[in-house]
Visitor: 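Dumping the structure here so I can ask a few things about it.
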Amino acid sequence: MALDILVLYGSYRRGRRGIRLADYLIRGFQTLGHQAELIDAQAVGLPMLDLRYSDYPPGEAPAAITVPSARLSSADAFVFVAGEYNRGMQPGLKNLTDHYLKEFDRRPAGIASYSMGRFAGVNSHAAWTVTLNAMGMTVVPERLGVGQIGDTLDAEGRPHGESGAALERGFASFARSLVYWAEAVRKS
């Protein structure tokens with residue numbers, strides 16, 4: 001049975017290259033027969049965190065916060081496309097995530113990290129692993145890291161070159177693991 005997988009992305013920078021990885025992941029999961037959809041923090045337009053969705057009295061949360069809550073609650077699994085900013089997390093993705101808590105609880109998550117440099121967002125991946133575990137999520141052990149993202153994915157999110165071939169190989173085991181955990185949670 002097809003899974004409902006949300007790909008969360010949080011860059012607000014000009015020329016956002018990480019969106020290429022988000023597009024690649026969405027196509028990859030769709031090719032495997034799953035529903036995959038993007039939640040783009042910039043497009044959602046959440047304010048900086050003041051109150052989480054659950055802190056508002058029923059019916060009083062702004063629509064910009066309410067609509068994503070329903071969508072997050074219905075997903076089977078999440079992929080966090082985690083760019084590395086100054087050796088840490090993207091503030092836009094963190095702000096999106098911080099607006100919610102119970103929507104993520106006891107759900108599987110994969111982290112696809114990236115950077116403009118060679119280290120593929122390893123620091124961001126580590127920080128997100130700690131954060132998502134603290135939020136009650138199961139983070140799959142497979143790492144999907146893309147270094148030098150501009151050399152790995154073209155403007156349409158298609159892999160090219162040696163690094164693109166490595167991404168394709170890595171995606172296969174990453175996807176298998178996320179699907180395994182999502183199906184296990186669905187059965188419980």
Side-chain angles (χ1 to χ4, degrees), residues 3-13 16-19 21-22 24-26 29 36-56 61 64-117 119-147 149 170-171 173-175 177-182 184-185:
L3 295 169
D4 181 8
I5 300 169
L6 290 182
V7 175
L8 285 75
Y9 177 65
S11 177
Y12 283 68
R13 286 183 169 175
R16 305 179 325 153
R17 293 199 178 173
I19 197 74
L21 180 55
Y24 168 82
L25 292 164
I26 289 166
F29 283 109
E37 180 182 334
L38 176 66
I39 299 236
D40 182 346
Q42 185 181 46
V44 171
L46 293 171
M48 287 302 294
L49 179 66
D50 176 35
L51 294 174
R52 279 192 306 225
Y53 175 71
S54 62
D55 295 333
Y56 285 93
I65 298 172
T66 302
V67 171
S69 173
R71 187 64 190 96
L72 293 167
S73 294
S74 67
D76 294 309
F78 304 95
V79 176
F80 291 79
V81 178
E84 185 168 314
Y85 286 20
N86 299 323
R87 298 190 183 191
M89 294 179 168
Q90 278 175 330
L93 185 57
K94 182 71 166 90
N95 185 56
L96 170 67
T97 305
D98 284 345
H99 275 83
Y100 309 98
L101 186 60
K102 68 178 181 171
E103 291 82 355
F104 293 115
D105 191 36
R106 297 187 182 137
R107 304 283 205 52
I111 302 168
S113 61
Y114 70 92
S115 66
M116 296 295 289
F119 297 112
V122 67
N123 294 307
S124 178
H125 187 284
W128 275 107
T129 299
V130 171
T131 298
L132 298 177
N133 278 312
M135 293 172 62
M137 299 185 83
T138 298
V139 178
V140 301
E142 283 70 24
R143 291 177 174 248
L144 189 63
V146 178
I149 193 162
F171 174 74
S173 62
F174 177 80
S177 185
L178 186 65
V179 166
Y180 171 85
W181 285 105
V185 168

Visitor: Give a yes or no on whether Asn86 atom CG has more than 12 heavy-atom contacts from other residues, nucleotides or ligands under 6.0 Å away.
Guide: no

Visitor: Should the ring pair Phe104 and Phe80 be called parallel, tilted or perpendicular, given that the plane angle runs from 0 to 90° and is split at 30 and 60?
Guide: tilted

Visitor: Could you tell me whether Tyr180 atom OH has more than 12 heavy atoms of other residues or ligands within 6.0 Å of it?
Guide: no

Visitor: Can you list everything that forms a ring pair (Phe, Tyr, Trp, His ring centres under 6.0 Å) with Tyr85? Sequence neighbours excluded, please.
Guide: none

Visitor: Supply the atom-to-atom distance Ile149 CD1 to Leu21 CG, rounded to the nearest 0.5 angstrom.
Guide: 5.0 Å

Visitor: From Thr138 OG1 over to Asn133 CG, what is the distance, rounded to the nearest 0.5 angstrom?
Guide: 7.5 Å

Visitor: Just do the side chain to side chain donor-acceptor pair (under 3.5 Å) check on Ser177 and Glu142 with the steps written out, would you?
Guide: CA-CA 7 Å; Ser177 185; Glu142 283 70 24; 2.5 Å; yes

Visitor: With rounding to the nearest 0.5 Å, note down the distance linking CZ in Arg107 to OG in Ser73.
Guide: 6.5 Å

Visitor: Begin from the C-alpha positions of Leu25 and Ile5 and carry the test side chain to side chain contact (heavy atoms under 4.5 Å, CB included) through to its verdict.
Guide: CA-CA 10 Å; Leu25 292 164; Ile5 300 169; over 6 Å; no

Visitor: If every non-hydrogen atom of Ala120 is compared with every non-hydrogen atom of Gly147, which pair is closest and at what distance?
Guide: CB-N, 3.4 Å

Visitor: Specify the closest pair of heavy atoms between Leu96 and Ala41, including all atoms of both residues, with the distance to one decimal.
Guide: CB-CB, 4.0 Å

Visitor: Taking all non-hydrogen atoms of both residues, which atom of Gly110 and which atom of Leu178 are closest, and how far apart?
Guide: N-CD1, 3.7 Å

Visitor: Using the rule side-chain contact (heavy atoms from CB on, under 4.5 Å), only one of Ile26, Val81, Leu93 pairs with Tyr9; which is it?
Guide: Val81

Visitor: Could you walk me through whether Tyr114 and Ser11 pass the side chain to side chain contact (heavy atoms under 4.5 Å, CB included) check?
Guide: CA-CA 12 Å; Tyr114 70 92; Ser11 177; 4.2 Å; yes

Visitor: So which heavy atom on Gly88 is nearest to which on Ser124, and how close?
Guide: O-CB, 3.6 Å

Visitor: Do you know which two heavy atoms are closest between Asp76 and Pro108, and how far apart they sit?
Guide: O-CD, 3.4 Å

Visitor: Would you say the side-chain atoms of Arg71 pair up with the backbone N or O of Ile39, donor to acceptor, closer than 3.5 Å?
Guide: no

Visitor: Determine the interplanar angle of the Phe29 and Phe174 rings, folded into 0 to 90°, and report it as parallel if under 30°, tilted if 30 to 60°, perpendicular if over 60°.
Guide: tilted

Visitor: Taking all heavy atoms of Leu46 and all of Ala64, pick out the closest pair and write down the distance.
Guide: CD2-O, 3.0 Å

Visitor: Say you draw a straight line from CD of Glu84 to CE of Met89; how long is it, rounded to the nearest 0.5 Å?
Guide: 11.0 Å

Visitor: Return the CD1 to CG distance between Ile19 and Asp40, rounded to the nearest 0.5 Å.
Guide: 5.0 Å

Visitor: Before giving the answer on side chain to side chain contact (heavy atoms under 4.5 Å, CB included), spell out for Val44 and Val67 the whole-Å C-alpha distance, their side-chain angles and the decisive distance to 0.1 Å.
Guide: CA-CA 9 Å; Val44 171; Val67 171; over 6 Å; no

Visitor: Tell me which pairs pass side chain to side chain donor-acceptor pair (under 3.5 Å) where either residue lies in residues 92-103, with sequence neighbours left out.
Guide: Ser69-Glu103, Lys94-Asp98

Visitor: Among Leu144, Leu132, Thr131, find the one that has a side-chain contact (heavy atoms from CB on, under 4.5 Å) with Ile111.
Guide: Leu132

